[in-house]
Each structure stands twice: as structure tokens, then as C-alpha cells.
Amino acid sequence: MRHARRRVVRRVTRLAAVGGLLLGGTMVTHAVASEPGTPDAVPFSTASPGDGAAAGPGAALVQRLGTSRTAGTWVGEDGRTVVAVTDEEAAEEVRAAGAEPKMVRHSMDDFDSATRTLSSAPRVPGTAWMKDYRSNQVVVRGDSTVSADDWSSLTEVADGIGDFVRMERIEGAFTTRLAGGLPVLSTAGRCSAGFNVTDGEREFILTAGHCGPQGSVWFSDSGARQKVGTTVGGSFPGDDYSLIAYDGGKAGDNAGVVAVGGNKGVRITGVADPTVGQRIFRSGSTSGLRDGEVTALDVTVNYPEGTVGGLIESDVCAEPGDSGGPMFSEGIALGVTSGGSGDCRSGGITYFQPVTKALADLDLKMIVAPGAEGGGGSPSPAPSQAQGVTAPDAATPGSSTPVRGILPDPSTLVSRLADPRNVGPGLLVMGGSLVALVASRWIKAEQDRKAYRRQYSASWG
């Protein structure tokens, strides 16, 4: 009876081992075969602010007329360029240029004076101010973390400036979005890769400055096996940009493309400053591709970590981990995600560091890709749960192309075999099955040898 049980155990063990070998082989084959092939590289060149990507006719009119006679420009509801002016002569010049003038009481000089006064007051974290061109007001916001006493003190400062300063309390809190683009991770936290830039010799990721101090090491996986690069410079607070130098010095294939999810990317073909009222898109590793409208420029935000000025404000949503992700429209790079309030369930405000300022400070150029005409692009990807007002020009993100992302692709056959998340489990099953099969054969051979010895001893004494 005991020998019969042993035979059953051996047979079950051998069958399980053979089954494990078949299962492990299937897992390995599936993991290797299902790995998407590397797409053809998108050729790229470089671009600087002013290389053909204009901010719009309104910016040129404001510059020509001067800050004492204008108070900003934006895209109107009918799609026309609107310029705020303070006198009839300036209005005539705007009409002659094909734009629409709007007579206002306060000029850009008044706005600048008001924001200088606010900046000189004692700093209150959780506050921000912006120049609202369309209402011809300076808007001061305070989030839920601002105490009643601090808000009262700031209100007194605003009252001293004039009645064109409007005070607003908002829900939530202004925070940097540290937890678009693909995720990059370090001991400092999780951010999103922004745009690829170059100094002519080396290539870098341009991302948010608050993502990590100089020397931060970044990886594309949570296991810290696939190194991306190291932070080599930036500015925060004051500004909010930083540079991650690629570990190998080069961005690799698709350097002129930003990832927007679903194995899709958008070709970046230039760089410029946005316009108020412009429809924009941003991509982040947490919330994907979203769209909204630029609501203000040259915004100052008092984050808990420090004050950042010159930001772009938008009603597009963002969430932790989206920091540093790219903001763009029609393939033109505009900014990288800095911070804001709210989330993509209830909506909110998001601030962006202008790309033009970062490139000028760092003396770098944007790496750009050819447009759809030169590279076989496909229709633009649709944003998920789009928010905000769509501008009349119905802007799109830009020319779409199938890519993995803007980070170098570390996925080779060797790395897949070594990665326990991919082929590793299959190899582990195969290895265990082989051990079980060999062990069962050895046990049977040993039992047969012992049985033979017992029979030999009984027969021959």
C-alpha cells in the first residue's frame, strides 16, 4: 500500500513538473512576443523662441503701442484678437491692424504698479495674483490655508492700491504638483517629463524646478533599475524649471515628440508664448491628456515652498505627479506644469512655467520634430475629460505619431529577460518545474537502487 502511494506521488509530481515547464515556456514566449516593437524614429531638429512661432498679432500691437496705452490682449469669443487700450488713437491703430479694441480705464503700467505693491507686502503662502485683461482688474486669490488675519492684512494692501484690485477666496490649496509626458521617479518624488532640449552637444529633459534639487537621480521605473539621468540645474523658487541630463547624453528616438498616453505622442514643431483665451493642452503621467484655456499671464503664486512669478494660468486640471509635464497647442511648446489647486474630478486652476523664459535663461534650444506633412502624422489624439472653454479657433494638440514616449527606450531582449515583472515569472516557473522533475527522477532512481540491494541481500545472503 505504501509503495502504491509513492508511485502516485511520483506520477503527480512528474505531471506537475511537465505542466510547469509548458506553462513557463508559454509565459516567456508571450512576454517576449507581446513586447511592442520599437517604432521608427521621428527625425528632429532644434528651435528657439521666435523661430517662426509667434504669440499672435495682439502681442505685436501691445509692444508697439506701449504699456501706458494698452492693458493686455486675448482671443475673443468670435475668434478675433482683442486688445485693451486706454485712448481712442490707440483704438484706431488696433482696428487698422485688423484686431478689435476694447476701451479700458487702467493700463498695463497700473497693473505693474499694483503687483509690485502686492509683492512688497509680507509674503502670505497660499495666495496668488494675476492681471485679468478681460475685466481690467488685478485679481488676488487666497486659498483655504490662508488665515483670516493674513487675508485681512492683504485686503488692506489691496484697498490702498485702488478699486481695480479684486479679492477672491477659493477652495483647496495652492500646491506644487509633486507626487505629463512619462513618469520620472527619484527619492525626491514623482514628476512628469516635459520637453527635450539641447545645448548643441548634450540633450536634457526640461521639467519643473520643484521636482528635485541639483544632483537628484531619476529613473523611469519604480525599482530604480532604468536610470534616466541627473538634475544638473534649474531655478526654484523664483522660477520653476530644471534640467535632467540624460545618462547617455542623448534623448534617443522620438526626441521631438511628447507622450500623451495610449502609445501616442504629439510632434513638437516650435516654441512660443501663449495668449489669454487660447485653447491649450497638457499631458501628465497621472491624469493624461487634458485641455483648457489660458486665463492669465505673468501670474505670481506664493507656494508653501516659495514664491514663483511670471507663470501662465489655465483652467485645465492637473494632479500630483503631473508636475513638469508639457503644455502645448498645435504642436507649439508653451510651458511645463508647475502647480495649482483642485483636481481632475472637481476641476481647478493650474499654473505653468513658460518655456520661452526657461530656454532663454538656460541658453538652450527646443528639440522639435517635423510636422504631419513631413512625417506621416495621424489625426490628433483626443483629450480625456476635456475641461474649460474651447476657443473658437478649435485648436488641436498637434500632429500625432505612434511612439512610446520621450524617454530613451531601455527595453531590449536582455533587459526583458532580467526584469522580474516581464519574462522573470515565466523563467521562475520553468526553473522550479525543472528542479521538481529532476528531483522526482532522482528519488525514483534512489528507491530502485535500494530495492535492488534489498532483493540482492535476500537472494544471496
Side-chain angles (χ1 to χ4, degrees), residues 38-53 180-186 188 191-220 226-236 238-259 265-273 324-328 331-336 353-371 374-375 398 401 403-412:
T38 303
D40 294 335
V42 177
F44 62 86
S45 56
T46 60
S48 297
D51 287 352
L182 294 179
V184 284
L185 305 100
S186 78
C191 276
S192 299
F195 299 99
N196 282 316
V197 298
T198 180
D199 61 5
E201 296 181 359
R202 297 179 300 166
E203 294 171 5
F204 311 85
I205 297 173
L206 180 65
T207 188
H210 70 263
C211 284
Q214 187 161 329
S216 299
V217 179
W218 295 91
F219 300 87
S220 60
Q226 299 168 356
K227 184 179 177 182
V228 175
T230 305
T231 300
V232 295
S235 177
F236 179 81
D239 301 293
D240 195 2
Y241 60 79
S242 65
L243 279 182
I244 300 174
Y246 279 109
D247 197 34
K250 297 295 181 180
D253 296 344
N254 303 310
V257 175
V258 295
V266 170
R267 288 178 170 87
I268 298 302
T269 58
V271 57
D273 290 316
M327 189 257 274
F328 48 91
I332 302 300
L334 302 172
V336 292
Q353 165 69 48
V355 168
T356 53
K357 174 68 160 53
L359 294 179
D361 289 352
L362 298 167
D363 193 22
L364 297 172
K365 289 189 175 183
M366 180 74 59
I367 297 177
V368 297
T401 184
V403 294
R404 291 192 190 193
I406 61 175
L407 300 180
D409 184 8
S411 183
T412 63

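The model shown is predicted, which means the values in this text are computed figures rather than measured ones. Counting begins at 1 with the first residue of the sequence.
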**Q** Answer with yes or no whether the side chains of T230 and W218 bring together a donor and an acceptor at under 3.5 Å.
**A** no
**Q** Evaluate the side-chain proximity of D239 to Q353: yes if any heavy-atom separation is below 4.5 Å, no if none is.
**A** yes
**Q** Within this structure, what is the NZ-CG distance for the pair K250 and N196, rounded to the nearest 0.5 Å?
**A**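 Going from the NZ atom of K250 to the CG atom of N196 covers 11.5 Å.
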**Q** Rounded to the nearest 0.5 Å, how far apart are NZ of K227 and CG of D247?
**A** 4.0 Å
**Q** Strictly distance-based, threshold 3.5 Å: is any side-chain N or O of N254 a donor or acceptor partner for the main-chain N or O of V257?
**A** no
**Q** Which pair of heavy atoms, one from G233 and one from Q214, lies closest together, and at what distance?
**A**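 So the two residues come closest at CA-OE1, 3.8 Å.
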**Q** Contact between F195 and M366 at the side-chain level, heavy atoms closer than 4.5 Å - yes or no?
**A** yes
**Q** According to side-chain hydrogen bond (donor to acceptor under 3.5 Å, both in side chains), who are the partners of D361, at least two apart in sequence or on a separate chain?
**A** Y241, K357
**Q** Of all heavy-atom pairs between S242 and A208, which one has the smallest distance, and what is that distance?
**A** OG-O, 2.9 Å
**Q** Taking atom OG1 of T231 and atom CG of L243, what is their separation to the nearest 0.5 Å?
**A** 8.5 Å
**Q** State, to 0.1 Å, how close V271 and V355 come at their nearest heavy-atom pair, and which atoms those are.
**A**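 Closest approach of V271 to V355, heavy atoms only: CG2-CG1, 3.5 Å.
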**Q** Checking side-chain polar atoms at under 3.5 Å, does T198 have a donor or acceptor matched by the opposite partner on E203?
**A**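 No, no side-chain donor-acceptor pair sits under 3.5 Å.
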**Q** Please name the pair of heavy atoms, one in V258 and one in G194, separated by the smallest distance, quoted to 0.1 Å.
**A** CG1-O, 3.8 Å
**Q** Quick one: CZ on F328 to CG on L334, what's the gap to the nearest 0.5 Å?
**A**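 Answer for the CZ-CG pair, F328 versus L334, is 9.0 Å.
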**Q** Just to verify, which of I367, I205, L359, L362 counts as forming a side chain to side chain contact (heavy atoms under 4.5 Å, CB included) with V197?
**A**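 Result: among I367, I205, L359, L362, L359 is the only option passing the side chain to side chain contact (heavy atoms under 4.5 Å, CB included) with V197.
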**Q** Give me the atom names and distance for the closest heavy-atom approach of P326 to A193.
**A** CD-O, 3.4 Å
**Q** Do I244 and T207 come within less than 4.5 Å of each other through their side chains, counting heavy atoms only?
**A**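 They are in contact (side-chain heavy atoms under 4.5 Å apart), so the answer is yes.
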**Q** Applying side chain to side chain contact (heavy atoms under 4.5 Å, CB included), run through T269 and I332 and close with a yes or a no.
**A** CA-CA 6 Å; T269 58; I332 302 300; 3.9 Å; yes
**Q** Let me confirm one number: the CG-OG distance from L185 to S216, rounded to the nearest 0.5 Å.
**A**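 Going from the CG atom of L185 to the OG atom of S216 covers 12.5 Å.
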**Q** As an exercise, state the distance from CG of L206 to CG of L364, rounded to the nearest 0.5 Å.
**A**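 That separation rounds to 8.0 Å.
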**Q** Can you see which heavy atom on D273 is nearest to which on P354, and at what distance?
**A**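 In terms of heavy atoms, the two residues are closest at OD1-CB, 4.4 Å.
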**Q** Got H210 and F236 here, is their nearest side-chain heavy-atom distance under 4.5 Å?
**A**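 Yes. Closest side-chain heavy atoms under 4.5 Å.
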